[in-house]
Number of protein chains: 2
Amino acid sequence: MTPPSDLARRADRRAAILEAAALEFAVRGYDATRAADVARRAGVASGTVFYHFGDKATLFREVFADDLPRARGLAEEARRLDDPVNAALHLVDGLAADVLVPGAPVLAAELVRRVGVDPELARVVAETDRITRGALAETIERGVRTGRFDPTLDPPTAAGLVLAMVDGLYLGADPEHDLRPALRRAVAAYLRSPDMTEEDDDRPT
Amino acid sequence: MTPPSDLARRADRRAAILEAAALEFAVRGYDATRAADVARRAGVASGTVFYHFGDKATLFREVFADDLPRARGLAEEARRLDDPVNAALHLVDGLAADVLVPGAPVLAAELVRRVGVDPELARVVAETDRITRGALAETIERGVRTGRFDPTLDPPTAAGLVLAMVDGLYLGADPEHDLRPALRRAVAAYLRSPDMTEEDDDRPT
DNA sequence: GTCTATACACCGATAGAC
DNA sequence: GTCTATCGGTGTATAGAC
């Protein structure tokens with residue numbers, strides 16, 4: 001259980017600020033979110049935010065800190081799935097997991113913009129992208145080789161397109177209509193070998 | 001030719017400011033772009049920017065002023081194409097026309113964010129979206145009815161997914177790799193009736 | 001570690017000369 | 001119509017008390 005109080009308290013504070021920051025960034029965007037807003041929502045003073053994170057840019061980066069390990073895990077899982085169709089759809093499901101969380105469109109949009117401004121953030125995002133893109137391209141290549149996918153597909157290009165589809169879902173994200181089932185279907189149709197007319201590619205999440 | 005000098009000069013100035021604004025917004029984003037930046041690039045004084053556009057929010061909105069008429073024109077063209085496949089791909093081509101212009105990702109991201117902040121902008125974007133989405137859904141419905149498309153497709157949902165794909169292309173936009181050909185292929189594969197194994201859907205831009 | 005209070009920089013928008 | 005000059009509002013980050 002490790003020493004309870006102080007270390008845990010510190011982590012709690014950090015986590016509270018981080019959660020508040022994610023929420024505020026997601027509704028107001030980066031610039032419009034003031035440190036005071038985050039502090040109020042987290043129930044701390046504005047100075048405390050800076051004590052823990054140094055500056056606002058770092059706070060924003062930390063909101064996305066989990067993405068990289070998550071991407072690694074997802075890539076690993078995909079590699080373990082024998083069927084390329086299942087593997088590709090598993091990647092898509094994992095990447096699109098958060099599309100319906102409120103504020104996702106704004107948060108995604110802000111991420112795109114901040115990447116052009118914050119080189120450290122760009123580095124992390126590029127690495128995450130490299131892993132995801134690699135896993136997807138690898139999966140597609142596997143499908144092409146085994147005849148399950150359209151042999152005229154260029155795996156890196158196809159991977160790029162599938163990733164773009166997922167990104168697009170984040171932008172439009174309407175909580176009323178979950179487009180993820182349609183996305184699965186479209187991805188499957190795009191990748192599938194043209195001569196496999198009938199094939200069941202449904203799979204429970 | 002209409003009276004040359006003053007009226008034309010005014011329009012030129014406006015256009016110059018608008019072009020400068022689009023460029024600046026596309027690289028720095030909305031908040032980080034100062035009126036002075038736009039003014040400098042346009043070769044005018046900062047006060048002149050406010051004289052022509054009133055405030056920064058209006059300036060940003062005006063950058064997208066062309067989108068609505070463009071959407072109307074595109075929808076009209078699609079309606080005139082008999083073949084649903086050609087019509088759908090024509091819409092996709094038109095919507096994705098600007099993916100490769102430098103700064104497109106940031107501009108697209110900023111648009112998403114500003115829509116949540118500027119109700120007037122939201123109104124215009126919603127109207128543009130309504131037109132595009134309607135034309136696409138209508139086209140898909142036509143394709144389903146005539147047996148060219150997958151009969152299990154729900155036209156509004158499918159339209160939403162196709163629009164999301166296009167949006168996704170704007171986000172990732174890498175000038176090195178034009179994903180639009182892959183997009184055309186994916187859209188065609190997604191919509192196409194599963195029992196039409198062999199079909200030529202290529203068409204010059 | 002966390003708070004309060006504030007210094008300092010910055011930028012949108014305006015006023016008024018030309 | 002366009003410029004120069006400036007003001008007011010705002011928000012990051014820090015300094016120092018507790």
Side-chain angles (χ1 to χ4, degrees), chain A residues 2-63 110 113-114 117-121, chain B residues 2-63 110 113-114 117-121:
Chain A
T2 58
S5 55
D6 273 1
L7 222 69
R9 260 193 77 77
R10 183 193 164 95
D12 284 355
R13 273 286 214 262
R14 247 191 83 101
I17 293 170
L18 223 38
E19 189 187 331
L23 268 165
E24 292 291 329
F25 285 141
V27 294
R28 303 182 200 241
Y30 180 82
D31 296 271
T33 295
R34 292 154 299 181
D37 297 332
V38 176
R40 186 159 3 92
R41 185 181 286 273
V44 301
S46 83
T48 307
V49 173
F50 290 100
Y51 171 77
H52 281 281
F53 294 94
D55 63 12
K56 204 166 89 162
T58 303
L59 179 57
F60 185 80
R61 273 197 306 270
E62 290 296 314
V63 168
E110 282 297 57
R113 192 168 62 78
R114 291 292 306 164
V117 183
D118 180 344
E120 173 60 15
L121 178 62
Chain B
T2 59
S5 57
D6 273 1
L7 222 70
R9 259 193 78 78
R10 183 194 164 93
D12 284 356
R13 275 283 214 261
R14 246 192 83 101
I17 294 170
L18 222 39
E19 190 188 331
L23 268 166
E24 292 290 329
F25 285 141
V27 294
R28 305 183 199 238
Y30 180 80
D31 296 270
T33 295
R34 292 153 298 179
D37 297 331
V38 175
R40 185 158 5 89
R41 185 180 287 273
V44 301
S46 81
T48 307
V49 173
F50 290 100
Y51 172 77
H52 280 281
F53 295 93
D55 63 11
K56 205 167 86 162
T58 303
L59 179 58
F60 185 79
R61 274 197 306 270
E62 290 297 314
V63 169
E110 282 298 55
R113 192 166 63 76
R114 291 291 305 164
V117 183
D118 180 345
E120 173 58 17
L121 179 62

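As the structure is a computational prediction, the values presented were derived from the model and not from experiment. Quick note on labels: first sequence line is chain A, next is B, and so on, each numbered from 1.
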Next on the checklist: Please tell me if B:Arg13 has a side-chain N or O lying less than 4.0 Å from either OP1 or OP2 of D:dT2.
Outcome noted: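 For D:dT2, OP1 or OP2 has a side-chain N or O of B:Arg13 closer than 4.0 Å.
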
Checklist entry - According to a strict under-4.0 Å criterion, is A:Arg34 in side-chain N/O contact with OP1 or OP2 of D:dT12? => result no

Could you check whether any side-chain heavy atom of [X] comes within less than 4.5 Å of a side-chain heavy atom of [Y], counting everything from C-beta outward?
{"X": "B:Phe53", "Y": "B:Arg61", "answer": "no"}
{"X": "A:Glu110", "Y": "B:Glu110", "answer": "yes"}
{"X": "B:Arg13", "Y": "B:Arg10", "answer": "no"}
{"X": "A:Glu62", "Y": "A:Ile17", "answer": "no"}
{"X": "A:Arg28", "Y": "A:Arg34", "answer": "yes"}

Checklist entry - According to the interplanar angle, ranging from 0 to 90°, do the rings of A:Phe60 and A:Tyr30 count as parallel (below 30°), tilted (30 to 60°) or perpendicular (above 60°)? => result perpendicular

Go through [options] for me and flag the one nearest to the [X] side chain.
{"X": "A:Ala45", "options": "C:dA13, D:dT2, C:dT4", "result": "C:dT4"}
{"X": "A:Lys56", "options": "D:dG1, D:dT12, D:dA5", "result": "D:dT12"}
{"X": "B:Arg10", "options": "C:dC3, D:dG1, D:dT2", "result": "D:dG1"}
{"X": "B:Phe50", "options": "D:dA13, C:dG12, D:dC3", "result": "C:dG12"}

Item to check | Touch class at under 4.0 angstrom, heavy-atom based, for A:Ala35 against every strand present | outcome: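 A:Ala35: backbone/sugar contact only, no base atoms under 4.0 Å.
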
Checklist entry - How large an angle, rounded to 10°, do the end axes of the helix from C:dG1-D:dC18 to C:dC18-D:dG1 enclose when each is built from five base pairs? => result 0°

